[in-house]
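All heavy atoms count here, side chains included; hydrogens, waters and symmetry mates do not. Just so it is clear, the model here is predicted, and its values are computed rather than measured.
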Amino acid sequence: MSTDGFTTCLWFDGQAEEAAHFYVSLFKDSGIGAVTRYPEGGHQPTGTVLTVDFTANGQKFVALNGGPEFKFNEAISFQITCENQEEVDHYWTRLTEGGGEEGPCGWVKDRFGVSWQVVPSRLEEMFRDPDPVKAGRANKAMMSMRKLDIAALEKAYADE
C-alpha cells in the first residue's frame, strides 16, 4: 500500500470536472491535477472526462464521471471545522450557491449532491464539556438551527 494516505473518489454523472474546479475554488491548499479521458470503446463518448485528480484543503480526491448509477446521500459527509462565524457564513454561502440545499444542524448539500457539515470548533468544545447540562443546552440549540449561529449557541450554552 502507498504510504501517502488515502484518496477519496467522488462519483459524478458528467459533472466531475465542474465539481473539482468548484471544490478547488472553495478551499485553500487546493489544485487540479491530472485529467483523464474516456478512451474509444469506453462507457462514455471518446474524449469525455473520465477522472480529475484534485486536492482540496490538502486532501486528495479523484472526481469520476461514472454515470447515473450512483447518487450521493447523507451517509457520507465532509465536515468543515470553522474558527468563527465569518468562516461558517462563507462556507455555508458558497456550498448553497447554484442549487445547494440547506439542511438541519449545520448540514448542507452542495449543487452536486455532496453533503457537508459546517461546524464551528467552539461547538465541538461545548459538546465535550464535562457538564452534561451545558452540553445539552448547546445541543438543543443546535438542533433548532440550519446554519449554525455561534453567538446563539454560546447563549444557550451559558443559559442566557
Specify the closest pair of heavy atoms between Met142 and Phe127, including all atoms of both residues, with the distance to one decimal.
SD-CZ, 3.8 Å
Determine the minimum heavy-atom distance between Ala138 and Leu153, stating which atoms define it.
O-CD2, 3.8 Å
Nearest-0.5 Å distance, CD1 of residue Ile150 to CD of residue Glu86
10.5 Å
Would the distance check show the side chain of Asn65 and the main-chain N or O of Val49 forming a donor-acceptor pair, the cut-off being under 3.5 Å?
yes
Counting distance only, does the side-chain N/O of Ser121 pair as donor-acceptor with the main-chain N or O of Glu83 below 3.5 Å?
no
For a quick test of reading the model, state the closest non-hydrogen atom pair linking Trp107 to Glu74 and the distance between them.
CZ3-O, 3.8 Å
Quick one: do Met126 and Glu154 satisfy side-chain contact (heavy atoms from CB on, under 4.5 Å)? Show the steps, please.
CA-CA 9 Å; Met126 291 179 208; Glu154 290 284 6; 3.5 Å; yes
Exceeds 12 heavy-atom contacts within 6.0 angstrom, atom CD of Glu69:
yes
To the nearest 0.5 Å, what is the distance between CD1 (Ile76) and OG (Ser115)?
9.5 Å
Taking atom types as modelled, is there a side-chain donor on Asp129 or Tyr157 under 3.5 Å from an acceptor on the other?
yes
Could you check Thr55 against Gln59 for side-chain contact (heavy atoms from CB on, under 4.5 Å), going step by step and ending with a plain yes or no?
CA-CA 5 Å; Thr55 303; Gln59 302 296 310; 5.7 Å; no
N/O donor-acceptor pair under 3.5 Å between Thr93 side chain and Asp89 backbone:
yes
Apply side-chain contact (heavy atoms from CB on, under 4.5 Å) to the pair Thr51 and Val35, showing each step before the final yes or no.
CA-CA 6 Å; Thr51 63; Val35 177; over 6 Å; no
With side chains defined as the heavy atoms from C-beta onward, is the minimum distance between Val52 and Ile32 less than 4.5 Å?
yes
Evaluation steps, side-chain contact (heavy atoms from CB on, under 4.5 Å), between His43 and Tyr38:
CA-CA 7 Å; His43 295 288; Tyr38 274 97; 4.1 Å; yes
For a quick test of reading the model, state the closest non-hydrogen atom pair linking Arg111 to Gly98 and the distance between them.
CB-O, 3.3 Å
If you group Ile, Leu, Val, Met, Phe, Trp and Tyr by side-chain heavy-atom gaps below 4.5 Å, do Leu26 and Val118 land in one group?
yes
Quick one: do Trp92 and Met145 end up in the same hydrophobic cluster if we chain Ile, Leu, Val, Met, Phe, Trp and Tyr together by side-chain heavy atoms under 4.5 Å apart?
no
Flag, side chain of Ser30 to backbone of Lys28, donor-acceptor distance under 3.5 Å:
yes
Nearest 0.5 Å, what's the CZ-OG1 distance between Phe6 and Thr8?
9.5 Å
Assess the side chains of Tyr23 and Asp110: does a donor N or O sit below 3.5 Å from an acceptor N or O?
yes
Output yes when Glu102 and Lys147 qualify as a salt bridge under the 4.0 Å nitrogen-oxygen rule, no when they do not.
no
Would Phe61 and Phe12 show up in the same hydrophobic cluster when neighbours are defined by side-chain heavy atoms closer than 4.5 Å?
yes
How about His90 and Gln85: do any of their side-chain heavy atoms sit closer than 4.5 Å?
no
Hey, is Arg146 close enough to Glu101 for a salt bridge, meaning N to O under 4.0 Å?
no
Check whether the side chains of Ser77 and Gln117 place a donor and an acceptor atom closer than 3.5 Å, and report yes or no.
yes
Would you confirm whether Asp149, through its side chain, and Ala151, through its main-chain N or O, come within 3.5 Å as a donor-acceptor pair?
yes
Membership question, hydrophobic clusters at under 4.5 Å side-chain separation (ILVMFWY): are Val88 and Val114 in the same one?
yes
Quick one: closest heavy-atom pair of Asn57 and Phe27, and the distance?
N-CB, 3.7 Å
State plainly whether the residues Glu125 and Arg128 are in salt-bridge range, i.e. N to O under 4.0 Å.
no
Side-chain heavy atoms under 4.5 angstrom apart, residues restricted to Ile, Leu, Val, Met, Phe, Trp, Tyr: same cluster for Leu10 and Phe112?
yes
Just checking, any donor-acceptor pair under 3.5 angstrom between side chains of Ser25 and Arg94?
yes
CG of Leu148 to SG of Cys82: how many Å apart, nearest 0.5 Å?
9.0 Å
To the closest 0.5 Å, what do you measure between SG (Cys105) and CG (Leu123)?
9.5 Å
About how many Å separate CD of Gln44 and CG of Leu50, when rounded to the nearest 0.5 Å?
9.0 Å
Students often mix this up, so state it plainly: with edges at 30° and 60°, are the rings of Trp11 and Phe70 parallel, tilted or perpendicular?
perpendicular
Expected output: side-chain Asp53 to main-chain Gly33 donor-acceptor under 3.5 Å
no
Return yes when atom CD of Glu160 has more than 12 non-hydrogen atoms of other residues, nucleotides or ligands closer than 6.0 Å, and no otherwise.
yes
